[in-house]
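Accompanying notes for the structure given below.
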Amino acid sequence: MAGAPVLPAEVLLAKRVQEMALDGEELKPPYICRDGDKAEENFALSFEIPVIDLSLVSSSDPCTPKEELQKLKSGLCSWGCFQAVGHGIPKSFLDKIRKDAKEFFEQPMEEKKKYAKGVEEFEGYGADPVPEEGQPLDWSDRLFLDVYPEDRRKLKFWPENPESFREVLEDYTAKIKMVTEITSKAMAMSLSLEEKCFLDQFGEQAVLQARFNYYSRCQRPDLVLGLKAHADGSGYTIILQDEVQGLQVLKDDKWFTVPTMSDALLVLMGDQMEIITNGIFKSPVHRVLANSERERISVAVFYTPEPKREIGPVDGLVNEEKQRIFKKVKDYADIHWGYYQQGKRALHVAKA
Ligand SMILES: O=C(O)CCC(=O)C(=O)O
Ligand SMILES: [Fe+2]
């Protein structure tokens, strides 16, 4: 592997990781981005990530258990994420999404390429746009789609096969939108804020984007990453995992593997929730490891404030005790993307 020529990312990105894996191609930089030192890995399974029953923290219930809200708050202050159950989406429906996603990626390349994106485009099937020079490439393929508001949908990128894909995704979008409503309210209540204050910041036309990730098997998982370490630029992100572990969250300089739970959705704070809560909720750095035995699929839905909408720390969280640490920003996700492509975080641009 040493001495393998470094090909321009544009050239490498013309071929899907899934094809390279199937062809048994030799790994090349910049896919190779780790030194293979397994000792550095921390495989600790983090059962400390709180599991929150959202049906218990819905606002209309005057008996909302204080302990559940407290658990939600402390989880978001320390981990920046939680496993949501009781979210109202039946497990059978989550299985359907997982099944359609798997069927899509398992089709011949020819079929998937009908939805291919250009190297510099965002939406469609392929890889992320070419990163800055020196940045690693992810050992994964993805299908990225704008799903809400409806007028943002570009149906030419929406798979027609498997047959139920479009309908299931439409349905999932509506269900996830409801989950964002309950979640935003519960998070506000956990901080003793007016329950609609986060929803008001995001706006009614807040954007949902779905990213179907396909992590192919890799013979040398110690040399690559399924997805490089990053924090999300969203407000927050709702992740559906399959039964294969791989997602890790960084806490106290250690990587913790997020357990898989077939009926749960992982709710992970993006930078914008860190800004809106004046730094109280953390937007965690996370990554995905590659796996030599099994492929892995996840569906991440990014929930982001309306374009052009100014967001900033909510009033109740800035006071004499707690100084304002972030200023108002708009279109933060775009700023974030520029830094992401350089392998950097963007949060400092919003510092007061
Ligand atoms: O695959 C996963 O579990 C996480 C995906 C993720 O972090 C992302 O798409 O931003
Ligand atoms: Fe992410």
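Excluded from the calculations below are hydrogen atoms, water molecules and symmetry mates; all remaining heavy atoms, backbone and side chain alike, are included. Ligands are counted one by one from 1 in listed order, and the atoms in each one are counted from 1 as well. Every value quoted in this text rests on a predicted model; they were computed, and no experiment measured them.
The distance from the CE atom of Met261 to the CG atom of Leu240 is 12.5 Å, given to the nearest 0.5 Å. To the nearest 0.5 Å, atoms CD (Glu274) and CZ (Phe281) are separated by 11.0 Å.
By the 4.5 Å heavy-atom criterion applied to side chains, Arg294 and Glu243 are counted as neighbours.
Under the 4.0 Å criterion applied to side-chain N and carboxylate O atoms, Lys344 and Glu132 are not assigned as salt-bridge partners.
Nearest approach of Leu169 to Leu145, heavy atoms of both residues: CD2-CD1, 3.6 Å.
Ring centroid separation for the pair Phe104 and Phe212 does not come in under the 6.0 Å cut-off.
Within 4.0 Å of ligand 1, protein heavy atoms belong to Arg211, Asn213, Tyr215, Leu227, His230, Asp232, Ile239, Leu247, His286, Val288, Arg296, Ser298, Ala300, Phe302, listed by chain and number.
Considering just the N/O/S atoms of Asp232, the one nearest the Fe ion (ligand 2) carries the name OD1.
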